[in-house]
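What you see below is based on every heavy atom in this structure, not just the backbone, and it leaves out hydrogens, waters and symmetry mates.
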Amino acid sequence: MVKNRRKERRGEKAREESVDQASLADLKGTLTFLRSSLISIVADRFDFKSKKKRRRRGIYGAKMLWILRFSGFFSAALVMIILSPSLQSFPPAEAIHPSNLDGHLRSPLPLSPVDSLTKLSFRKSTIFRNADECGFSDHRSRGKTSVCDPSLVHVAITLDVEYLRGSVAAVHSILQHSMCPENVFFHFLVSETNLESLVRSTFPQLKFKVYYFDPEIVRSLISSSVRQALEQPLNYARNYLADLLEPCVKRVIYLDSDLVVVDDIAKLWATNLSSRIIGAPEYCHANFTKYFTADFWSEKRFSGTFRGRKPCYFNTGVMVIDLVKWRWAGYTKRIERWMEIQKSHRIYELGSLPSYLLVFAGHVAPIEHRWNQHGLGGDNVRGSCRNLHPGPVSLLHWSGSGKPWLRLDSKQPCPLDALWAPYDLYGHPP
């Protein structure tokens, strides 16, 4: 009887090993099929586009190399998901965040802000001087420009370790294309207090002031978003510009950190806002309804906010803001109120943008589209690259998951990333 039991156990073990081998073989076969299918489908698509638009074998070959790399990544990811039960325990929203890939490209291990800052090094910028047409006042010639000088152009940008390289490039581009660069005053919003010296060493002649934004001011109002990067408290600092900046600053241009300006910023500064609070390029052809949930549109107490308005989408990464009217009408509180509603009713999926649409859409002073050629970041997960919109260009904006410095460092840039590279001051001089 003992011998029979041993035989049965050996038989069961052999059957289990056979099943495991068969399952593994099936898995390998499935992955091979998916990979080959992906390559075939995408290759056909690129082949059609390359024949129709480019007819250049070099570009086609580069794209095919990318396809092979991507399909390998896809297969590896699928194997990990199938074979590791622990990975399957993550919530779906967490698993698909494009920022996860962003983090992989930056560093294999997360770094603290202090550690990250010590690894950052920027070359000193060229000193840019005003043209003769700009004129000079006595106090400006002595290097004592006051933030309240009415002749200044005020620009607000956030500074944080993660996007610092982009912010420095944005400042560099503004100075390089300004006829009167010494008339531009920068207001840097930070949640870390050790960035001022780095800015000063990179731009010795820059007129700027650093404003500390306490993340706790807004942390309790932030709801989860489709991308973790959109949940960072500093993304919401723009809501508080009217409170942070000096009362004598009556107008400000707010700019995101992932853009470069290729025109004179004074032209944007001269925007006529009329009676409006903000000015921005509008995109009325976009499907406005998609920025809010079905529950929002079904509830008239929410959707009724657009009654009597013709709302259009606008990107909050480029705005001209009348701070006097903002302060007088208390627009910060209005935005906070919608953020509170979002926390309890989940009326949108994006980060800080929808609250601006709720408050301002339909009441925006239109600005030419040339001042926000946005969406160039595309999507890192799909590896998509975007083209410029038709028409002239004054500002290039890499909104979206992909940032040009990450793609350049990973040796997988999009064609338009080459337009960002000349403004990059990261690293030591060659």
Side-chain angles (χ1 to χ4, degrees), residues 130 133-135 137 139-140 145-159 167 170-171 173-175 177-190 206-211 213 235-257 259-261 263-282 314-335 352-353 355-357 359-372 374 394-395 397:
N130 281 0
E133 298 92 318
C134 302
S137 60
H139 64 271
R140 191 176 293 129
T145 303
S146 167
V147 68
C148 295
D149 186 335
S151 66
L152 294 175
V153 172
H154 295 277
V155 178
I157 299 178
T158 59
L159 292 182
S167 299
V171 173
S173 71
I174 291 170
L175 296 175
H177 292 280
S178 294
M179 179 180 289
C180 308
E182 295 177 277
N183 291 8
V184 183
F185 195 101
F186 290 89
H187 304 263
F188 294 124
L189 312 177
V190 304
L206 194 69
K207 295 176 174 63
F208 72 92
K209 183 174 180 179
V210 172
Y211 303 78
F213 176 72
N235 284 344
Y236 297 81
R238 74 192 82 183
N239 303 357
Y240 300 88
L241 283 169
D243 302 321
L244 293 169
L245 272 56
E246 287 79 358
C248 65
V249 180
K250 299 180 179 180
R251 169 184 287 214
V252 69
I253 298 172
Y254 175 82
L255 297 177
D256 272 352
S257 299
L259 55 77
V260 292
V261 177
D263 202 345
D264 193 339
I265 195 71
K267 297 177 183 177
L268 181 59
W269 176 256
T271 297
N272 181 13
L273 298 181
S274 187
S275 61
R276 306 301 191 188
I277 309 300
I278 68 170
E282 291 185 295
F314 64 93
N315 181 280
T316 53
V318 179
M319 296 186 292
V320 181
I321 305 173
D322 186 323
L323 294 176
V324 175
K325 292 189 178 76
W326 183 295
R327 294 176 181 123
W328 181 82
Y331 277 94
T332 297
K333 293 295 183 184
R334 299 189 191 189
I335 291 174
S352 59
L353 167 65
S355 58
Y356 270 80
L357 297 179
V359 173
F360 294 110
H363 299 307
V364 175
I367 295 176
E368 287 183 86
H369 289 176
R370 67 190 302 160
W371 284 104
N372 196 353
H374 68 287
S394 293
L395 185 150
H397 188 184

Minimum heavy-atom distance between [X] and [Y], given as atom pair plus value:
| X | Y | value |
| --- | --- | --- |
| Ile335 | Trp326 | CD1-CH2, 3.7 Å |
| Pro366 | Glu282 | CB-OE1, 3.9 Å |
| Glu368 | Pro281 | O-CG, 3.6 Å |
| Asp263 | Ser394 | OD2-OG, 2.9 Å |
| Asn130 | Asn183 | ND2-OD1, 2.9 Å |

Worksheet item: Hey, which of Leu268, Leu255, Val252 is the one that makes side chain to side chain contact (heavy atoms under 4.5 Å, CB included) with Val155?
Response: Leu255
Worksheet item: Out of Ile278, Ile277, Ile367, Asn272, which residue meets the side chain to side chain contact (heavy atoms under 4.5 Å, CB included) rule with Val320?
Response: Ile367
[atom1]-[atom2] distance between [X] and [Y], expressed to the nearest 0.5 angstrom:
| X | Y | atom1 | atom2 | value |
| --- | --- | --- | --- | --- |
| Arg276 | Ile321 | CZ | CD1 | 15.5 Å |
| Lys267 | Arg370 | NZ | CZ | 6.5 Å |
| Lys207 | His154 | NZ | NE2 | 12.0 Å |
| Arg238 | Leu244 | CZ | CG | 13.5 Å |
| Ile253 | Ile174 | CD1 | CD1 | 7.5 Å |
| His397 | Asp256 | NE2 | CG | 4.0 Å |

Run the ring-ring contact (aromatic ring centres under 6.0 Å, His included) test against [X] and tell me which residues pass, sequence neighbours left out.
| X | result |
| --- | --- |
| Phe186 | Phe188 |
| His177 | Tyr423 |
| Phe213 | Tyr240 |

Taking [X] for its side chain and [Y] for its backbone only, find out whether a donor-acceptor pair lies under 3.5 Å.
| X | Y | result |
| --- | --- | --- |
| Thr158 | Asn235 | no |
| Ser178 | Ala266 | no |
| His187 | Phe208 | no |
| Ser173 | Val261 | yes |

Item to complete: Check whether any side-chain heavy atom of Leu189 sits under 4.5 Å from a side-chain heavy atom of Leu241, and report yes or no.
Response: yes
Fill in: Worked check of side-chain contact (heavy atoms from CB on, under 4.5 Å) between Phe185 and Lys209
CA-CA 8 Å; Phe185 195 101; Lys209 183 174 180 179; 4.0 Å; yes
Discussion item. Let's go through Leu259 and Asn372 carefully: what are the C-alpha distance in whole Å and the side-chain angles of both, what is the deciding distance for side-chain contact (heavy atoms from CB on, under 4.5 Å) to 0.1 Å, and is it a yes or a no?
Written reply: CA-CA 9 Å; Leu259 55 77; Asn372 196 353; 5.9 Å; no
Practice prompt. Give the ring-plane orientation class for Phe314 versus Tyr356, where under 30° counts as parallel, over 60° as perpendicular and anything between as tilted.
Written response: perpendicular
